[in-house]
Amino acid sequence: MALSRDQIAMRVAQEFKDGDYVNLGIGIPTLAASFVPEGISVMLQSENGLLGMGPYPHEDELDADMINAGKETVTAITGASIFNSAESFAMIRGGHVDFTVLGAFEVDVSGNIASWMIPGKLVKGMGGAMDLVAGAKNIIVTMTHTDKHGNPKLLRECTLPLTGVNCITRIITDLAVLEVVDGAFLLKERAPGVTVEDIQAKTGGKLVVSENVTEMRV
Amino acid sequence: MALSRDQIAMRVAQEFKDGDYVNLGIGIPTLAASFVPEGISVMLQSENGLLGMGPYPHEDELDADMINAGKETVTAITGASIFNSAESFAMIRGGHVDFTVLGAFEVDVSGNIASWMIPGKLVKGMGGAMDLVAGAKNIIVTMTHTDKHGNPKLLRECTLPLTGVNCITRIITDLAVLEVVDGAFLLKERAPGVTVEDIQAKTGGKLVVSENVTEMRV
Amino acid sequence: MSGFDKVVATYQEAMDGLADGMTVIAGGFGLCGIPEGLIAQIKTLGIKELTVVSNNCGVDGFGLGILLEDKQIKRMVSSYVGENALFEKQLLNGELEVELTPQGTLAEKMRAGGAGIPAFYTATGYGTPVGEGKEVKTFNGRPYILEEAITGEFSIVKAWKADRYGNCIYRHTAQNFNPMAASAGTITVVEAEEIVEPGELNPSEIHTPGIYVNRVIKGEFEKRIERKVVSKTVHNTTAKESQ
Amino acid sequence: MSGFDKVVATYQEAMDGLADGMTVIAGGFGLCGIPEGLIAQIKTLGIKELTVVSNNCGVDGFGLGILLEDKQIKRMVSSYVGENALFEKQLLNGELEVELTPQGTLAEKMRAGGAGIPAFYTATGYGTPVGEGKEVKTFNGRPYILEEAITGEFSIVKAWKADRYGNCIYRHTAQNFNPMAASAGTITVVEAEEIVEPGELNPSEIHTPGIYVNRVIKGEFEKRIERKVVSKTVHNTTAKESQ
């Protein structure tokens, strides 16, 4: 059965190692912060200039000068640092952030990602997404395996304008965990109750099935 | 009569306007800080990361963490700021420093300057000089008009490796004040008791005499 | 040090010299750390045909959004826009141009503008619409695009505390783009919550040295929150560990 | 947050992994703000064929100068060198190479290395020996040269206070090249006068965020003064006005 948003986030959080600096996009990626495994600490980077982002504030902690990259009110953890936007993206672009987790409209077998623009719809901008996919050491894309019409979002070649090229290494969907290897999606894990054939049918680009496909632990 | 070092410095200080940010090189330029005219304030930038450099410290103020670009112990004035070297040269390169005053071996009618390297002698490096001549809005060269053998230092074309090209606008020597205009040295002021002919004889590059050559006030 | 006293008393003095067609670089991220009074003054002045460089364009009726009301902005350089209906309408009408720039590239372009770096290479945007028409060069086997610096006739900046010499510090994440904006304007105007005397700020804690600043004015700020999100749970703020 | 505790107890751990032929980027300006104990550890390790990137190379018997004694440095990238006799001798002997780089370009190259900017244009050095062989491009009628970023296997940094997460602040002009060095090393080691607990440093006053730092060690510093100059006159420190 397809995973819930929380379950996808739970699987994402299993990627983190103790001591990782992580930038989480809006949506499912942000949920991953709630499922960091026992004994593991990660520090959250918010690209508007905060390293060590904490939970949302209580009513009495609200501060207009303390927001995250989604413009939401936040707190800082003990030991956080705050800096300007150039410094923040120096961290990102310079490869100092260990993980970036973000959503996408499409990814393809070349590791390209399209996540910011649907022609014909109003374009609001890429924000920090292009910098993040160009800079982070490891990028994880989280999304549903297909769109709401059932069309594959893992493609041979992205059809939408790109956010970045040749940058995606790992994709975690509601059906599977895949890596981008040698011009194909390498299937590593499948959601409980989902068959390899289901995944094959819902994947647009070339799929290579790993010798040992395991079940996602969620 | 040729001016003393102090007199050259005194003439340099007359260039400053109230509110100027100034970077002074080692030697005569540094002396200029002592002759800033009444009613005028300038703020000194030291390229190792100090804006608002003060006088040398008293013995009881000595602090190894407080030095100037010449590696000498210094103090900071009230209202100073201290920053890293990249920020310091962002200020310089970005044209935020109003005046740079520095010495030179040679200058020429194209506004080129040679100040850091004499082939055959040990080369110690350019330090911040190349950044300063590339960045400041106004550069004043202070030097003796001739070398110790009496050879001109104001030339048609510099013979030594350059520090910067097409960047010098004003030269203040022990004999004269000159500007670099249209491929020539424009003589604006002469030292008391020094004739235009003296200056002409000691200048290597084309000299144009201003219609109204005044006497340097020192 | 009278020549370094940059404090002005009125918004009129603060924005004196701003004219039609100029480029204004504004600090702020969303509604956080924006020079509210300086923006209001630009509206009052009725200056038109502005190019505004800012990560966002405010919201309907607040922040840079108020400059849309009388169509004062011709062109917007931002990473994320369209948080307001008027912006969308003017964009679709062709009354407003937008140059979308990745957030990190935008920050770096402003910094470069202030630092005398005319252009730099970045991997951000290579192979995307952002990279189209830009020079490409490969370093260590990876392709990068050339991005040029941004400067403006005016920069408007919001500080927490500024001293009379223009030294500024920013509060929490209201820092964001403000230091880069401060460095990139020919005339940089700082609107501060508090003006202090020189010496009250620790020299090593100053975010923007006064050399970048031309005018300082004390402002009153509404500090509107764009997205108020509150936690209902008890939490400690030390770690993201197994919450 | 155990995964973020970067404090190590010994200099051996601090410089673990350093090997012959590596590039070491060092903070400091002259003898001000130099990681004395980390330099001593490199000497102890006897690592050879190093490329050292630092504004200067210390003096005879102190600072980076001690690495010359056993000819550990193959190549020096600096803006100003030769404050010591041994340096001069090895340079003239051909035992040591020097790449002279303008001070501002050196700082920017380190920053670029840390910031993922592979190269940038600067006017500094155009038309001089520094510009020879470098790409030239004209922006707004002015020629600029292309300078590439510097990164290193190790960066050694001297902080005033560092917390366990690696957040650093520097004292006075001992800041200098240290923040850029910190950003440009694959492994960045900070030697601090004092190690504090997370939370003791104000987040907005941190000069180097801990993300750039891999190891932190508490050092003891001699802090030698290179040029002690003392004023004999009575002065106030408020202004350079008509002294």
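Each chain gets a letter, A, B and so on, in the order its sequence line appears, and its residues count up from 1.
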Engineer: I need the N202(C) CG to I169(D) CD1 distance, nearest 0.5 Å.
Structural biologist: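 One gets 8.5 Å once the value is rounded to the nearest 0.5 Å.
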Engineer: For H207(D) and S204(C), indicate whether the former's side chain and the latter's backbone hold a donor-acceptor pair under 3.5 Å.
Structural biologist: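 Between the backbone of S204(C) and the side chain of H207(D) there is a qualifying donor-acceptor contact (under 3.5 Å).
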Engineer: Show the numbers, then the answer: is there a salt bridge (Lys or Arg N to Asp or Glu O under 4.0 Å) between R111(D) and E108(C)?
Structural biologist: CA-CA 12 Å; R111(D) 180 192 177 272; E108(C) 192 67 15; 2.8 Å; yes
Engineer: Could you grab the distance from atom CD1 of I117(D) to atom CD1 of I117(C), nearest 0.5 Å is fine?
Structural biologist: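 One gets 10.0 Å once the value is rounded to the nearest 0.5 Å.
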Engineer: Which region of E148(D), side chain (C-beta onward) or backbone (N, CA, C, O), has a non-hydrogen atom less than 4.5 Å from a non-hydrogen atom of chain C, or is it both or neither?
Structural biologist: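 Just its side chain gets close to chain C.
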Engineer: Answer yes when R171(C) and E205(D) have at least one side-chain N-carboxylate O distance shorter than 4.0 Å, and no when they do not.
Structural biologist: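 Looking at E205(D) together with R171(C), the answer is no, because their closest N to O distance does not fall below 4.0 Å.
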Engineer: Is any side-chain heavy atom of L146(D) closer than 4.5 Å to one of Y121(C)?
Structural biologist: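 Yes, side chains in contact.
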Engineer: With a 4.5 angstrom heavy-atom cut-off, which part of P118(D) approaches chain C: side chain, backbone, both or neither?
Structural biologist: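 For P118(D), backbone and side chain are both near chain C.
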